[in-house]
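A short write-up of the structure that comes next.
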Protein chains: 2
Amino acid sequence: MSNLKACVDALYEGVDRVADNIPGLPKCEVLLIRLLLLTGEALQRDVENKLKPFDMNDSDFRTLMMLYSSADGSSTPGELCALAEQKPTNMTRITNLLVKRGLITRSNATHDRRQVVLTITADGRRFVRKLLPPMFPEVVTKFSCFSQTERQTFERLLKKLALHLDTADTP
Amino acid sequence: MSNLKACVDALYEGVDRVADNIPGLPKCEVLLIRLLLLTGEALQRDVENKLKPFDMNDSDFRTLMMLYSSADGSSTPGELCALAEQKPTNMTRITNLLVKRGLITRSNATHDRRQVVLTITADGRRFVRKLLPPMFPEVVTKFSCFSQTERQTFERLLKKLALHLDTADTP
DNA sequence: GGCTGATAGTTCACCAGCGAACTATCCGCC
DNA sequence: GGCGGATAGTTCGCTGGTGAACTATCAGCC
């Protein structure tokens, strides 16, 4: 139980109080950032909790899923880093674990011998097919507070924001 | 530069491919979760980058801001933990740092001697007032892709989702 | 053909966050 | 008044993520 309500209330109150004190504070935008981070963290915690019984965390899971969902079941560390917004260091560690568990394999690329090719194994695919379906019901109820159009609106706004942040990046 | 566009595209593509493969996958909801986490991580990175010149990270900053924005400039570790969704262990470490930098003080509560009272110092207040304003312009541009009504809608949906997640928590 | 700069991964040392165990205090009830 | 269970913080050891340094390879250019 994480009592987000208290956090949300305190957030609004706190921002109000700071705004009284510091002129020019963009209240609405600050609220949006903090609300988004707050819900994001809550979702993240839930996902991690769901994965814990399988002795997995979200990074491992995402990495595995990227391979599962790739066209030919394989990719390179560099590509996975780019798509998962991860650093190579961490990807090395994650793939080490997945290799050790037999869910993926590591091999050398022929055309560019610097590259490593990661490929999901049959075991890895079985693991995903076993692990995913039980998560569906809870995922659905997470958003059961939204109407169909609200879901669409939320998705549209999130996507718009993501693409905007991409261009307006901090150099 | 973090190339979120590639992530978003790959996300949609990947979910499509997995959905073809595993029946019953709630595509829309999975997309929402992943989009939200993606944008959340991007925002988080930006905030951290903004704070780095001041030798601060977001946890430290949030903790300091909670004290700054509290009615009397003080609180207890327990309360801060609840509002920041942090564990006590970590709060001890964070407050240790802030105390060492002279931004807050630690003292004992009189009515309940188990409690520790954290109070923001004059230096701490000065620090916040110096640090905040330069962040405003960038915060505003982050959401400059949204119209006024879109901002309101987004805020409403985020808040609704946060409060819903609160009740529909994983036991 | 071999030098130069860029790129793909890995290793290493460090920081941030967490669960479990511990201490000190409080509260309620005999 | 003192015993038992709950609560507030801290300490400790471990996991997850990162920057910096390093190795191996590639690609272009003389």
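First the proteins, then the strands, lettered A, B, ... as listed; each starts at 1.
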Mind calculating the distance between [atom1] ([X]) and [atom2] ([N]) to the nearest angstrom?
X: B/Asp55; N: C/dC15; atom1: CG; atom2: C1'; value: 12 Å
X: B/Asn108; N: C/dA24; atom1: CG; atom2: P; value: 13 Å
X: B/His111; N: C/dT25; atom1: NE2; atom2: C1'; value: 12 Å
X: B/Asn49; N: D/dG19; atom1: CG; atom2: C1'; value: 13 Å

State whether B/Phe61 and B/Lys50 meet the cation-pi test: NZ (Lys) or CZ (Arg) under 6.0 Å from the six-membered ring centroid, and within 45° of the perpendicular axis.
-> no
Connected via hydrophobic side-chain network under 4.5 Å: [X] and [Y]:
X: A/Val15; Y: B/Val140; value: no
X: A/Leu64; Y: A/Leu97; value: no
X: B/Val117; Y: B/Tyr68; value: no

Tell me the stems DNA chain D sits in, counting at least three consecutive Watson-Crick or G-U wobble pairs, each under 3.5 Å on both distances.
-> C:1-30 with D:1-30
Any salt bridge (charged side-chain N to carboxylate O under 4.0 Å, His left out) pairs touching residues 111-123 of chain B, not counting sequence neighbours?
-> B/Asp112-B/Arg114, B/Asp123-B/Arg126
Under the side-chain contact (heavy atoms from CB on, under 4.5 Å) rule, collect the residues that match up with B/Thr105, sequence neighbours excluded.
-> B/Thr119, B/Thr121
Looking at residues at least two apart in the chain, or sitting in another chain, which of them share a salt bridge (charged side-chain N to carboxylate O under 4.0 Å, His left out) with A/Lys87?
-> none
Partner residues of A/Phe146 under the ring-ring contact (aromatic ring centres under 6.0 Å, His included) criterion, sequence neighbours left out | A/Phe154
What is the per-nucleotide protein-contact pattern of nucleotides 7-18 of chain D, from the 5' end, where B denotes a base atom under 4.0 Å from a protein heavy atom, S denotes such proximity for sugar-phosphate atoms only, and - denotes neither?
-> BSSBBB---SBB
